[in-house]
Amino acid sequence: MFDALVIGAGPAGLAIAAALCDEGLNVAGLAPVPPPVEWSNTYGIWCDELEPMNLTHLLSHRWQNSVAYAAQQEISLQREYGLFDNVKLQNYFLERCDRGKMTWHQGTAATVEHLANGSCVTTTEGTTLSARLVIDASGHKPALLNRPQSDRIAYQAAYGIVGRFSSPPIEPQQFVLMDYRSDHLPPAERQAPPTFLYAMDLGNDVFFVEETSLASSPAVAFEVLQQRLEQRLAFRGVQVKEVQHVEYCLFPMNLPLPSLEQTVMGFGGAASLVHPASGYLVGALLRRAPRVAKTIAHAVENLEAPPTRIAALAWQTLWSSDERRKRALYLFGLENLMRFDEQTLQAFFASFLQLPRSQWTAFLANTLSTPEMLQTMMNLFGHTTPEVRWNLMRSAWSERALLWDAWVASE
């Protein structure tokens, strides 16, 4: 019997598997295609999130010229942004798994049975694997985890291309976090869910440009995003000369938390770790995996501990009352973002990105304490436009259930 069985081989699965191996546990992995396997998505992160972990060597590109465009302003962010080298990131995890002699199995988890001293997973192929704890890191449609249903899921959607262009679509050596300018759209289209350009200069006349919907329910269609990207480029007189890669991105931002009483543990998107205000995930995986792994390692030292007890301790570490409280506040903010029209949304982000850097950066990384998070929100409220303020006050009533959730989580 393994100490832990990790289901999934994406960034979340490898992050928690590597951390468990670092703790000296006997770990197995289960995936339809075991690693190494190519990750096609683009993963970005602020460099100062990696510096305390000494992991900036995992980046393929870094930009000091980081900007945003909102409310007729070009906002210099004064913060260095990086793009992960997916091969380096994957190898960083796999090398730690290899040192721990982790075993990978090919298959798809179908069912799980919990026994007195462990859990047994059966795959669709009929293979059975037993472990003291099963960790589902198979993404936002998890194989084994149970979660409440929701009829209002907000999706982040994006359509992007890596390629060469007739002229630079953004300034050379620049990273654009978000460009909400919509002068390329007919007035009628500006009333649709707002979208923005996320873009970076990859060097050698190659650029990545992506039209992004931060959050919308239902999701903005890829066809709409592609059309808006083409309109944006054409308005600036830019033609696509060569397409090297096309990226389609779609994931939920506000999935309900899984049941924290269940005996299967979750991690990554399966455990609702996607940041509800930004959609970022990899930074959270890197920061939180070691803490969760250490809790699991201590729990399995007790050979009499049943899987229910091990899972309960792991869930408590991952989703403490403080983390649940902050998540409710983030979800309150997300509901506001989805209700804002384009003008209000731009005013909001212009105000947010001009808060003290220590506040907006930590807010996006989810490293603030609850009091610090509340202070940041109040600071924004005091320095934004009257229109944004009015919308926030109105939603404090309409979305009072989320604020109540934040209060309940503290008890």
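Residues take their numbers from the sequence shown, with the count starting at 1.
The closest donor-acceptor contact from the side chain of Glu210 to the backbone of Ile161 lies at 3.5 Å or more, if one exists at all. No side-chain donor-acceptor contact under 3.5 Å links Ser130 to the backbone of Cys120. Side chain of His140 to main chain of Ser272: no donor-acceptor pair is present (N/O by atom type, distance under 3.5 Å, no hydrogens or angles). Without hydrogens or angle criteria, Arg132 side chain to Gly118 main chain gives no donor-acceptor distance under 3.5 Å.
Thr317 and Arg291 form no side-chain donor-acceptor contact under 3.5 Å, judged by distance and modelled atom types alone. When only modelled atom types and interatomic distance are considered, Gln346 and Gln72 share no side-chain donor-acceptor pair under 3.5 Å. Side-chain N/O atoms of Ser351 and His383 include no donor and acceptor closer than 3.5 Å. With no hydrogens or angles considered, no side-chain donor-acceptor pair links Glu223 and Gln227 at under 3.5 Å. Side-chain contact of Thr123 with Glu125: a donor-acceptor pair under 3.5 Å is present, judged by distance alone. Neither side chain, Arg232 nor Ser182, offers a donor N or O lying under 3.5 Å from an acceptor on the other. When only modelled atom types and interatomic distance are considered, Ser66 and Glu80 share no side-chain donor-acceptor pair under 3.5 Å. Arg339 and Asn336 are not linked by any side-chain donor-acceptor pair at a separation below 3.5 angstrom, with hydrogens and angles left out of the test. A donor and an acceptor atom, one from each side chain of Gln156 and Ser213, are nowhere located under 3.5 Å apart. For the 3.5 Å distance criterion, the side chains of Glu38 and Asn86 fail to qualify, holding no donor opposite an acceptor. Counting only N and O atoms by type, the side chains of Ser138 and Asp136 include a donor and acceptor under 3.5 Å apart.
One finds no salt bridge joining Arg181 and Asp183 here, because no Lys/Arg side-chain nitrogen approaches an Asp/Glu carboxylate oxygen to under 4.0 Å. Under a 4.0 Å N-O distance rule, the pair Asp48/Arg357 qualifies as a salt bridge.
In this structure, Arg288 forms a cation-pi arrangement with Trp319, its terminal cationic atom sitting closer than 6.0 Å to the ring centre and no more than 45° off the ring axis. For the pair Arg79 and Trp360, the cation sits on the ring face: its NZ or CZ lies under 6.0 Å from the ring centre, inside 45° of the axis. No cation-pi contact links Arg96 to Phe93, judged by a cut-off of 6.0 Å to the six-membered ring centre and 45° from its axis.
Side-chain atoms of Glu23 and Lys294, non-hydrogen and from C-beta on, do get closer than 4.5 Å to each other. Side-chain contact check for Leu233 versus Gln239: every heavy-atom pair is 4.5 Å or farther apart. With a 4.5 Å cut-off on side-chain heavy atoms, Phe340 and Leu392 count as touching.
When the shell of 6.0 Å around CD of Glu51 is examined, it contains more than 12 heavy atoms from other residues, nucleotides or ligands. By the 6.0 Å contact criterion, CZ on Arg62 is enclosed, its count of non-hydrogen atoms from other residues, nucleotides or ligands being greater than 12. More than 12 non-hydrogen atoms from other residues, nucleotides or ligands lie less than 6.0 angstrom from CD of Gln244. For Glu242, the CD atom counts as densely surrounded, since its 6.0 Å shell holds more than 12 non-hydrogen atoms of other residues, nucleotides or ligands. Within a 6.0 Å sphere centred on CD of Gln73, heavy atoms belonging to other residues, nucleotides or ligands number more than 12. Other residues, nucleotides and ligands contribute over 12 non-hydrogen atoms within 6.0 Å of the CD atom of Glu387.
Aromatic pair Tyr69/Tyr180: centroids not less than 6.0 angstrom apart.
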Applying side-chain contact (heavy atoms from CB on, under 4.5 Å) to Val246 and Val162, what does each step give before you reach the verdict? CA-CA 7 Å; Val246 177; Val162 176; over 6 Å; no
Audit row: Thr127, His105, side-chain contact (heavy atoms from CB on, under 4.5 Å) steps and yes/no: CA-CA 9 Å; Thr127 304; His105 301 265; 5.6 Å; no
Dump the intermediate steps for side-chain contact (heavy atoms from CB on, under 4.5 Å) on Leu345 and Leu337, then the final yes or no. CA-CA 7 Å; Leu345 187 65; Leu337 296 182; 3.7 Å; yes
So Asn65 and Val67, side-chain contact (heavy atoms from CB on, under 4.5 Å) or not? Walk me through it. CA-CA 7 Å; Asn65 182 14; Val67 300; 3.6 Å; yes
Using a 3.5 Å cut-off and no angle test, enumerate the donor-acceptor pairs between side-chain atoms of residues 259-270 and protein atoms at least two apart in sequence or in another chain.
| residue | atom | partner | partner atom | Å |
| --- | --- | --- | --- | --- |
| Ser259 | OG | Glu261 | N | 3.4 |
| Ser259 | OG | Glu261 | OE1 | 3.4 |
| Gln262 | OE1 | Asn146 | N | 2.9 |
| Gln262 | NE2 | Asn146 | O | 2.8 |
| Gln262 | NE2 | Ser259 | O | 2.9 |

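Taking the six-membered ring for Trp and thresholds of 30 and 60 degrees, Tyr81 and Phe175 have nearly parallel ring planes, at less than 30 degrees apart. Using cut-offs of 30° and 60° for the angle between ring planes, the Phe363 and Phe352 rings count as perpendicular.
Among residues two or more places apart in sequence or in another chain, the side-chain hydrogen bond (donor to acceptor under 3.5 Å, both in side chains) test is passed with Thr376 by none.
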